[in-house]
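Keep in mind the model is a prediction, meaning the values are calculated, not measured. These values consider heavy atoms only, across backbone and side chains, with no hydrogens, waters or symmetry-generated copies. Throughout, residue positions are numbered sequentially from 1 according to the sequence presented.
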Amino acid sequence: MYRFLLSRQWVILTLVALALIPTMIELGFWQFHRHERRVAQNTLIADNLKASPVPVEELSSPGHVVPRADYWRRVTATGTFDTAHEVVVRRRTSSDDRVGAHVLTPLVLKDGRIVLVNRGWVPGAANQRDYPDVPPAPKGEVTVAGRLKADETTGASGIKDLKGLPDRQVMLISSRQQAELIGREVLGGYIEQTEPEAADGSPEQIAEPDHDSIGAHMAYAVQWWLFAAGVPVGWIVLARREKRDRENGTADGTTATGDGGGDGDAPDGTAPEATQEDGSAIQATSPR
């Protein structure tokens, strides 16, 4: 009764099921690995934000690539802002998703080297090619504190580094690009400023990175694995239903046949005996 499994329809169904199982298992592991990365990142952010601040010179140098282990490390820097080489980073959003720009101002350290400071977010100009209204940086020697971040790249951020932008406007924060523009040594990475806060709240400082939520990746992983387990179960249920339907169809198509002769004849073809009212038999005779 299971020969129907060799039919074209069932062969295709079986092949599809066999392809779905490993695919769903792999999708489950993909979501599981995303969950693991999110948990690891949350732990890294929390640990680095708790660590005591250190001078930025201890963690970076010109041409240095900030390793992931140092992302969001609390650092300090003392120097004077070079507003002549200040730029804005286009198409950045505020904490409430308004589109504007980040203000990137070089800070000249005591040894003459420079570290880039992201002072925060400002609204964009009415015309995208115009320079936005940027509050001036503090004058004189200042000490800033913030979170150390790595240089941005198109591969990591997904932001294209467009060419032909208006003067003093960039798409990515890159210490190497700014070193070429300024003509001086610039420490790798940049500082996301948290202190001191602007007196009038502008630029709007960048919010602390989220390190509490883990997303729904683990739930998605479990769902994919349940789907994978459900495929063979569903295949078995369908196969048994098909077998039962075929058995019922065969039974319905069978007709019953009688065991006796037709029209009251005796089995040997002779006429049946007649009976009188008193029950005695009357021998039937053929006419002469």
Side-chain angles (χ1 to χ4, degrees), residues 34-35 37-53 56 59 66 68 70-77 81 83 86-107 115-138 142-162 165-166 168-175 178 189-217:
R34 294 187 68 185
H35 168 77
R37 288 194 295 269
R38 184 63 178 270
V39 171
Q41 177 170 296
N42 287 350
T43 302
L44 175 65
I45 295 173
D47 291 344
N48 284 352
L49 291 179
K50 291 178 183 177
S52 299
V56 68
L59 298 179
V66 178
R68 188 167 187 79
D70 288 338
Y71 285 14
W72 303 285
R73 280 289 303 272
R74 295 170 60 200
V75 294
T76 59
F81 280 115
T83 55
E86 184 176 77
V87 298
V88 293
V89 190
R90 294 162 55 99
R91 299 181 186 175
R92 300 302 167 107
T93 57
S94 64
S95 57
D96 55 357
D97 294 330
R98 290 177 294 158
V99 179
H102 283 174
V103 182
L104 192 65
T105 310
L107 182 70
V115 61
L116 300 176
V117 178
N118 185 347
R119 295 201 288 130
W121 179 90
V122 294
N127 186 331
Q128 289 190 3
R129 299 195 63 84
D130 293 340
Y131 196 81
D133 184 15
V134 177
V142 295
T143 297
V144 300
R147 300 177 288 262
L148 181 63
K149 299 291 291 292
D151 286 340
E152 296 177 343
T153 63
T154 298
S157 66
I159 301 173
K160 294 183 179 180
D161 190 11
L162 302 177
L165 295 176
R168 301 174 62 195
Q169 298 189 37
V170 297
M171 295 299 299
L172 297 169
I173 302 177
S174 171
S175 60
Q178 295 306 308
Y190 66 97
I191 298 176
E192 204 171 67
Q193 183 177 338
T194 58
E195 297 177 10
E197 295 185 11
D200 58 355
S202 183
E204 178 185 309
Q205 291 188 342
I206 300 171
E208 184 177 284
D210 175 27
H211 56 280
D212 294 324
S213 63
I214 58 174
H217 301 302

Stepwise side-chain contact (heavy atoms from CB on, under 4.5 Å) check, Arg90 with Gln128: CA-CA 9 Å; Arg90 294 162 55 99; Gln128 289 190 3; 3.6 Å; yes
Test side-chain contact (heavy atoms from CB on, under 4.5 Å) applied to Thr154 and Met171, step by step: CA-CA 10 Å; Thr154 298; Met171 295 299 299; over 6 Å; no
Candidate pair Leu107 and Arg119, rule side-chain contact (heavy atoms from CB on, under 4.5 Å), full reasoning: CA-CA 11 Å; Leu107 182 70; Arg119 295 201 288 130; over 6 Å; no
Gln205 and Trp121: CA distance, side-chain angles, deciding distance, side-chain contact (heavy atoms from CB on, under 4.5 Å) verdict: CA-CA 6 Å; Gln205 291 188 342; Trp121 179 90; over 6 Å; no
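Residues Ile45 and Tyr71 form no side-chain contact, since every pair of their non-hydrogen atoms from C-beta on lies 4.5 Å or further apart. Residues Trp72 and Lys149 are in side-chain contact: their nearest non-hydrogen atoms beyond the backbone lie under 4.5 Å apart. In this structure the side chain of Arg38 reaches within 4.5 angstrom of the side chain of Ser213, judged on heavy atoms. Two residues are said to be in side-chain contact when any heavy atoms from C-beta on lie closer than 4.5 Å; Val87 and Gln178 meet this criterion. Side-chain contact between Val103 and Asn118 is absent, with no heavy-atom pair separated by less than 4.5 Å. In this structure, the side chains of Tyr190 and Arg147 stay at 4.5 Å or more apart for every pair of heavy atoms. The shortest distance between side-chain heavy atoms of Leu59 and Arg73 falls below 4.5 Å. Annotation: side chain of Thr76 is not in contact with side chain of Val144 (no heavy-atom distance under 4.5 Å).
Donor-acceptor pairing under 3.5 Å is recorded for the side chains of Arg68 and Gln41. Under 3.5 Å, the side chains of Asp200 and Ser202 contain no donor-acceptor pair of N or O atoms. Side chain to side chain, Asp151 and Ser174 fail the donor-acceptor criterion of an N or O pair below 3.5 Å.
Considering Val89, Val88, Val117 as possible partners of Leu104, the one that fulfils the side-chain contact (heavy atoms from CB on, under 4.5 Å) test is Val89. Between Arg92 and the options Glu152, Glu204, Glu192, a salt bridge (Lys or Arg N to Asp or Glu O under 4.0 Å) holds for only Glu152.
Between the side chain of Thr153 and the main chain of Ala156, a donor-acceptor pair closer than 3.5 Å is present. Using modelled atom types, no side-chain atom of Asn42 and backbone atom of Leu44 make a donor-acceptor pair closer than 3.5 Å.
At most 12 heavy atoms of other shown residues, nucleotides or ligands fall within 6.0 angstrom of atom CG in Asp133. Residue-environment remark: CZ (Arg168) exceeds the threshold of 12 foreign heavy atoms within 6.0 Å.
For the atom pair CG of Leu49 and CD of Glu208, the computed distance is 4.5 Å after rounding to the nearest 0.5 Å. To the nearest 0.5 Å, the span separating CG on Leu148 from CZ on Arg74 amounts to 13.0 Å. Rounded to the nearest 0.5 Å, atoms CG (Leu172) and CG (Leu162) are 8.5 Å apart.
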